[in-house]
Participant: 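Would you mind keeping the following structure in view while I ask a few things?
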Amino acid sequence: MLAAGLAILPASAQQNAPEYLRAIAAGYKASFICSNQFNGGIDPARTAADDLQGTYAELNPLLATLAAELDEANRRVTVRFADNLPPRVAAWRPHLGCALLPIGADPAAAAELPRIDASPLDLAELDARPWPMGDRNATARPRGNTHALEQVAAQAFDRRTYGQGSETTALLIVQDGRIVFERYRPDFDMHMSQRTWSVAKSITGTVIGAAVQQRLVDVNAPAGVPEWQRPGDPRQRITTDHLLRMASGLHSDYPGNRTDALYFGGLSVGEEAASWPVVAPPDTRFRYANNDIVLAIRALQHRLGDGEESRAFPFRALFWKIGMTRTVPETDWQGHFVMSSQVWTSARDLARLGLLYLSDGLWNGERILPEGWRDYVRRHGPAQPAAGNGYGASWWTFAPDAGLPVDAFLANGNRGQYVVVIPSRRLVIVRRGFDRAGMGLDPAALTGDLLEALE
């Protein structure tokens, strides 16, 4: 069903080919319209205004020129980009969200996308449970200066105080276990899901933690990526810990948060992320890239059999256990999670994730994460960024000169997605946004001002 096409070109050839850029732009548009519409209830007009503006320079001019067709009955989006190839297709599945077919694929292949065998959630019933499993009795009055808190929050939405080009859609603060502040852009609400971008990496690190608690993973053992198991492959010695710390020593097409062939080209995780060679010994070089985190969850899925059980694991081991009912981790067309970026979730679900870390992995008396996992994810490894914030095992730490509590750590995603956890202050701060590329909110400055207001 999957026709041969541009997806088989080497990455180096793809990046400069005009027809490839059109195909990537079409995949970008199909993916965002599909995921926003069917994961988050965000209509195509808002997607065009938010997600399809201020993106990558080479894609921006193309996105507006490609027409998208939304098929609500079949929950699919198609975008035509060439006369000699089928349109790009993104198709939605319950719980697993939208998957993008490869470039050149027959649209009928969408019917064959992997799924999980799970009934739809009764969201109204789940929401009626007490916070944090549901939304009942979620709020409380803050400790501190309420007037100062309101002033700081207003500045977080004013598009200038904490960064020109910032666009806040949600700000939520949990203090002592309850929501003490929550505000949304007028067209958003507490149940609306946005793409997490690289906050997904911290979510993946948490899923790995749940697997460690269940004795499915030893982070210090070889990760077991299946594509690396031929005798003599030097990548066999890369551990899950190396992958979580961005210290695998692997090369990648882009540093940073771009993996276009996987995210928008329709290549599978095995074809794209597992294909890169070693260029440095593990633990000697920090290179922030999507592939390491994608490979960590790829190895876990392989250990679980690469079938329905592996796709259901994040829900049954983590999300549904802690009330993250609006969280959708998406997969490639072969059913492998792309959890370096492609997770859709709400501000309240991210607050629940932060609460899990405040309690060091305990939830209603059940240990979800190993004892000490909170310290593990924020502890620096030997390979670190050259400047600025530090990196633990899928979570960031603030730079020493930020003036914040030493135990503060954060999940950080493109376009202004932040989850800040400060155990010593019993605080979780969630900020969502649509910041323009290269221009955005300063999370350290906002966090410092919120801490001052909450004293």
Side-chain angles (χ1 to χ4, degrees), residues 35-43 46 72 75 92-97 115-143 153 169-196 199-200 203 206-207 210 311-330 343-369 411 417 419 421 426-432:
S35 297
N36 279 352
Q37 177 75 36
F38 301 121
N39 293 341
I42 300 172
D43 61 49
R46 280 185 292 179
E72 293 201 47
R75 301 200 172 192
W92 184 87
R93 302 141 301 158
H95 307 301
L96 295 175
R115 296 170 176 255
I116 63 172
D117 183 15
S119 301
L121 300 180
D122 186 338
L123 294 174
E125 179 180 336
L126 295 174
D127 292 343
R129 296 179 297 180
W131 172 263
M133 288 301 295
D135 293 321
R136 182 161 57 87
N137 298 328
T139 62
R141 289 185 59 82
R143 287 186 291 104
T169 55
L171 179 64
L172 185 152
I173 302 167
V174 173
Q175 183 183 54
D176 297 327
R178 303 277 290 279
I179 298 172
V180 297
F181 184 87
E182 186 175 24
R183 180 177 297 172
Y184 297 91
R185 201 174 72 175
D187 55 345
F188 273 71
D189 62 40
M190 67 182 183
H191 289 149
M192 192 169 286
S193 294
Q194 277 182 254
R195 184 181 176 122
T196 61
V199 167
I203 295 173
T206 311
V207 172
R311 293 187 291 274
F313 182 82
F315 301 96
R316 293 169 180 163
L318 177 64
F319 300 150
W320 295 345
K321 280 183 176 289
I322 68 171
M324 293 178 68
T325 57
R326 263 68 178 197
T327 299
V328 180
E330 296 188 331
V343 178
W344 261 253
T345 193
S346 67
R348 284 201 169 192
D349 274 10
L350 289 178
R352 293 177 172 101
L353 182 74
L355 277 171
L356 181 65
Y357 278 95
L358 282 186
S359 66
D360 192 25
L362 276 175
W363 194 270
N364 289 338
E366 180 181 0
R367 181 152 290 286
I368 307 296
L369 306 177
Q417 322 310 316
V419 183
V421 181
R426 303 294 301 162
L427 276 176
V428 176
I429 300 167
V430 177
R431 189 268 185 174
R432 312 301 307 276

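Here the structure is a predicted model, which is why all the values come from computation and not from measurement. Side chains are part of it too, since the values below use all heavy atoms of this structure and drop only hydrogens, waters and symmetry mates.
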Participant: Side-chain contact test, heavy atoms from C-beta onward, threshold under 4.5 Å: evaluate it for Leu318 versus Leu356 and give yes or no.
Facilitator: yes
Participant: Measure the spacing between CG of Asp189 and OG1 of Thr169 and express it to the nearest 0.5 Å.
Facilitator: 11.0 Å
Participant: When you measure from the side chain of Arg352 to the backbone of Phe319, do you find a donor-acceptor pair of N or O atoms at a distance under 3.5 Å?
Facilitator: no
Participant: Rounded to the nearest 0.5 Å, how far does CG of Asp135 lie from CD1 of Ile179?
Facilitator: 7.5 Å
Participant: Between Leu171 and Ile429, is there a side-chain heavy-atom distance shorter than 4.5 Å?
Facilitator: yes
Participant: For Leu350 and Ile203, run side-chain contact (heavy atoms from CB on, under 4.5 Å): C-alpha distance rounded to whole Å, both residues' side-chain angles, the deciding distance at 0.1 Å, then the answer.
Facilitator: CA-CA 9 Å; Leu350 289 178; Ile203 295 173; 4.2 Å; yes
Participant: Could you report the tightest heavy-atom contact between Pro132 and Leu355, atom names first, then the distance?
Facilitator: CB-CD1, 3.9 Å
Participant: Counting only N and O atoms by type, is there a donor-acceptor contact under 3.5 Å from the side chain of Arg178 to the main-chain atoms of Arg141?
Facilitator: no
Participant: Tell me whether Arg432 contacts the main-chain N or O of Gln417 through its side chain, where contact means a donor paired with an acceptor under 3.5 Å.
Facilitator: no
Participant: Considering only heavy atoms from C-beta outward, does the side chain of Ser346 approach that of Met190 to under 4.5 Å?
Facilitator: no
Participant: Where the side chain of Arg426 meets the backbone of Leu358, is there a donor-acceptor pair that is under 3.5 Å apart?
Facilitator: yes
Participant: Under a 4.5 Å cut-off applied to non-hydrogen side-chain atoms, are Tyr357 and Val428 in contact?
Facilitator: no
Participant: For Thr139 and Glu182, test the side chains for any donor-to-acceptor distance below 3.5 angstrom and give the result as yes or no.
Facilitator: no
Participant: Is the shortest side-chain heavy-atom distance between Val199 and Val343 below 4.5 Å?
Facilitator: no
Participant: Short question: side chain of Arg136, backbone of Ala128 - any donor-acceptor pair under 3.5 Å?
Facilitator: yes
Participant: Applying side-chain hydrogen bond (donor to acceptor under 3.5 Å, both in side chains), name anything that partners Arg311, two or more places apart in sequence or on another chain.
Facilitator: none
Participant: If I take atom NE2 from residue His191 and atom OG1 from residue Thr325, how far apart are they, to the nearest 0.5 angstrom?
Facilitator: 6.5 Å
Participant: When rounded to the nearest 0.5 angstrom, what is the spacing between CD in Glu330 and CZ in Arg93?
Facilitator: 7.5 Å
Participant: Please answer whether the main-chain N or O of Thr327 pairs with a side-chain N or O of Asp349 as donor and acceptor at a distance below 3.5 Å.
Facilitator: yes
Participant: Measure the spacing between CZ of Arg367 and CG of Asp360 and express it to the nearest 0.5 Å.
Facilitator: 5.5 Å
Participant: Donor-acceptor check, side chain of Asn137 to backbone of Trp131, threshold 3.5 angstrom: yes or no?
Facilitator: no
Participant: Which residues pass the ring-ring contact (aromatic ring centres under 6.0 Å, His included) test with Trp320, sequence neighbours left out?
Facilitator: His95, Phe315
Participant: Using side-chain contact (heavy atoms from CB on, under 4.5 Å), reason through Asp176 and Arg143 one step at a time and then give a plain yes or no.
Facilitator: CA-CA 9 Å; Asp176 297 327; Arg143 287 186 291 104; 2.9 Å; yes
Participant: How would you list all residue pairs meeting salt bridge (charged side-chain N to carboxylate O under 4.0 Å, His left out) that involve residues 116-133, not counting sequence neighbours?
Facilitator: Asp127-Arg326
Participant: Report the C-alpha distance between Trp363 and Met133 in whole Å, list the side-chain angles of each, state the deciding distance to 0.1 Å, and finish with yes or no for side-chain contact (heavy atoms from CB on, under 4.5 Å).
Facilitator: CA-CA 10 Å; Trp363 194 270; Met133 288 301 295; 3.1 Å; yes
Participant: Quick one, Tyr184 and Met192 - any side-chain contact, counting heavy atoms below 4.5 Å?
Facilitator: no
Participant: Which heavy atom of Ala351 sits nearest to which heavy atom of Leu172, and what is that distance?
Facilitator: CB-CD2, 3.5 Å
Participant: At what distance, to the nearest 0.5 angstrom, does CZ of Arg46 lie from CG of Asp187?
Facilitator: 5.0 Å
Participant: For Ala210 and Phe313, which heavy atoms make the closest approach, and how far apart are they?
Facilitator: C-CZ, 4.2 Å
